[in-house]
Amino acid sequence: MLSVLLLFLATTASAAAGKGKGKVKGGSGGLRFRRESGTFKVLQVADMHYADGRSTPCQDVLPAQNRGCSDLNTTAFLYRVFRAEDPDLVVFTGDNIYGLDSTDAAKSMDAAIAPAIAMKLPWAAGIGNHDQEGTLSREGVMRHLVGMKNTLSRFNPEGVEIDGYGNYNLEVGGVEGTPLANKSVLNLYFLDSGDYSTVPSIPGYGWIKASQQAWFKQTSASLQLNYTSEQPKQKEPAPALAYFHIPLPEFSSFTASNFTGVKQEGISSASINSGFFTTMVEAGDVKAAFIGHDHLNDFCGKLTGIQLCYAGGFGYHAYGEAGWSRRARVVSVQLEKTESGEWQGVKSIKTWKRLDDQHLTTIDSEVLWNRGSNGRRKKNHDGN
């Protein structure tokens, strides 16, 4: 039954997807806010752990779900959530495949990303700590992603000596036909948070290195200068979002009283603090950072002006908790509108999660940031 559903979803995807959006172009993909609604929507997919499709079993599901459950359930969830949300950009934040269980890493990556390509959705990806454990090296995995259809992923900035693979930024233009059409009113940063420490005296996971932080600071400063000094000049820098895989140590700063969502396992950050959170605070434009890695955490908490958000586990071959639905995180960025009806810069950033249950339930809707305020949190449960 599931295979029939997948076939139906795939064959109808192209016609149903991308309403109101242009085709993917070169460069930053021609990403821009929608004219009708003044919105730009990003759907984050964390930790698919895809392997060999139908032959790959599910982990941590209820006994009633176990029969016939495989990677194809992950694929079906992708199609369902893409159709429900119609995102302007899909972001895969690493552990897209589970290399150890994959017979052919390239084929597994192709199958994992296939729904986004079938629906002609622009997408960007980074790598986690499990993608490279199969037949492709870490560099090979990123090069494969960069060569796929509709991708906005980039290997690394040209002409820059930088650690890791998959450090890049994307710019989102204002509404076409408005004064800000040729300015990036929203900036997106993607960083390779590594896999495991290569320093013998430091155990555990990798971290964002000094060379990556230097690139980030330079890129952020340049984008802010362009936005505030080039015509039409803007009073404040454009807001930015950051995406990577492994949590920063600062994700351990929260208790149940000061975050939205759940924390059901420890924070698996690097055992040292490389200072990237401080770097983001000093840059001043990043309003929220989004990660994966710890599948049973899906919370957002605010620290020193930046929202730190987990997505929650998406894939069925990834560890989870039986009865706790797989999920995706959505971020919707809204532009301001003048009295004359013209779209301006970003007004607010909102988020919610979609569950892979019978109704694709929306939970934990909240405002992460509001222009002109401290981003006071507002909660409801309808995603609107």
Side-chain angles (χ1 to χ4, degrees), residues 1-3 5-6 9 43-82 92-116 125-136 141 193 195-196 204-205 245-247 261-269 290-299 310-329 353-358 360-361 363:
M1 185 68 184
L2 180 60
S3 58
L5 172 63
L6 288 173
L9 289 171
L43 191 147
Q44 180 191 0
V45 176
D47 300 273
M48 286 190 289
H49 280 231
Y50 205 96
D52 286 347
R54 188 189 302 276
S55 63
T56 301
C58 294
Q59 290 192 41
D60 300 323
V61 294
L62 296 170
Q65 296 174 290
N66 202 48
R67 181 180 174 86
C69 190
S70 72
D71 279 335
L72 298 188
N73 291 68
T74 302
T75 300
F77 182 25
L78 280 174
Y79 276 116
R80 292 183 74 208
V81 74
F82 289 167
F92 298 96
T93 51
D95 284 3
N96 309 303
I97 64 172
Y98 191 68
L100 287 173
D101 290 343
S102 170
T103 304
D104 184 321
K107 289 183 178 178
S108 294
M109 194 67 76
D110 289 344
I113 306 293
I127 46 181
N129 55 292
H130 290 303
D131 294 284
Q132 81 289 344
E133 294 173 338
T135 58
L136 286 175
V141 168
S193 53
D195 50 6
Y196 303 98
Y205 291 108
H245 182 71
I246 295 175
V262 297
K263 177 185 176 184
Q264 300 177 118
E265 61 176 309
I267 308 300
S268 299
S269 61
F290 303 92
I291 57 144
H293 193 55
D294 299 324
H295 308 173
L296 296 179
N297 295 337
D298 73 350
F299 66 81
Y310 274 100
F314 190 98
Y316 279 87
H317 186 51
Y319 76 82
E321 183 175 308
W324 193 68
S325 299
R326 266 60 175 185
R327 57 203 58 209
R329 179 172 291 281
K353 289 161 291 191
R354 282 276 192 169
L355 308 185
D356 191 22
D357 58 14
Q358 183 179 354
L360 274 178
T361 304
I363 64 167

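One is the number of the first residue; the rest follow in order along the sequence. Hydrogens, waters and symmetry mates play no part in the numbers below; they use all other heavy atoms, side chains included.
If you check the side chains of Thr56 and Asp71, you find a donor sitting under 3.5 Å from an acceptor.
Across all non-hydrogen atoms, the minimal contact from Ala311 to Ala46 is CB-CB, 3.7 Å. Between Tyr316 and Ser70, the shortest heavy-atom distance links the atoms CB-O, 4.1 Å. Of all non-hydrogen atoms in Gly292 and Pro247, the two that sit nearest each other are O-CD, 4.4 Å. The two atoms that bring Tyr205 and Ser268 nearest to each other are CD1-O, 3.6 Å, heavy atoms only.
In this pair, His49 and Tyr98 present their aromatic rings parallel. The plane angle is below 30°, not in the 30 to 60° band.
A donor-acceptor distance shorter than 3.5 angstrom exists from the side chain of Asn297 to the backbone of Glu265, with no hydrogens or angles considered. Asn96 contributes a side-chain N or O that, together with a main-chain N or O of Gly126, makes up a donor-acceptor pair within less than 3.5 Å. No donor-acceptor distance shorter than 3.5 angstrom exists from the side chain of Arg354 to the backbone of Ala328, with no hydrogens or angles considered. Without hydrogens or angle criteria, Gln44 side chain to Ile291 main chain gives a donor-acceptor distance under 3.5 Å. For the pair Asp356 (side chain) and Ser325 (backbone), a donor-acceptor distance under 3.5 Å is absent. Without hydrogens or angle criteria, Arg80 side chain to Asp357 main chain gives a donor-acceptor distance under 3.5 Å. Of the possible polar contacts, one joining the Asp95 side chain to the Asn129 backbone as a donor-acceptor pair under 3.5 Å is found.
Counting heavy atoms from C-beta on, the side chains of Trp324 and Asp298 come closer than 4.5 Å. Counting heavy atoms from C-beta outward, Ser108 and Asp52 have side chains that approach closer than 4.5 Å. Between Arg326 and Val61 there is a side-chain heavy-atom pair separated by less than 4.5 Å. Put simply, the side chain of Gln264 does not reach to within 4.5 Å of the side chain of Asp294, judged on heavy atoms. By the 4.5 Å heavy-atom criterion applied to side chains, Thr93 and Phe290 are not counted as neighbours. Here the side chains of Arg327 and Ile363 are in contact, with some heavy-atom distance below 4.5 Å.
Between atom NE2 of residue His317 and atom OG1 of residue Thr74 there is a gap of 9.5 Å, rounded to the nearest 0.5 Å. Atom-to-atom distance recorded for Thr361:OG1 and Lys353:NZ is 12.5 Å, nearest 0.5 angstrom. Rounding to the nearest 0.5 angstrom, the gap separating the OG1 atom in Thr75 from the CE atom in Met48 is 8.0 Å. A distance of 13.5 Å separates OH of Tyr50 from CG of Asp101, quoted to the nearest 0.5 Å. Expressed to the nearest 0.5 Å, how far OG of Ser102 lies from NZ of Lys107 amounts to 10.0 Å.
Put simply, the residue from Asp104, Leu136, Ile97 that forms a side-chain contact (heavy atoms from CB on, under 4.5 Å) with Met109 is Ile97. Put simply, the residue from Tyr310, Phe314, Tyr319 that forms a ring-ring contact (aromatic ring centres under 6.0 Å, His included) with His295 is Tyr319. Here the rule is side-chain contact (heavy atoms from CB on, under 4.5 Å) with Leu78, and of Ile113, Asn73, Val45 only Val45 fits it.
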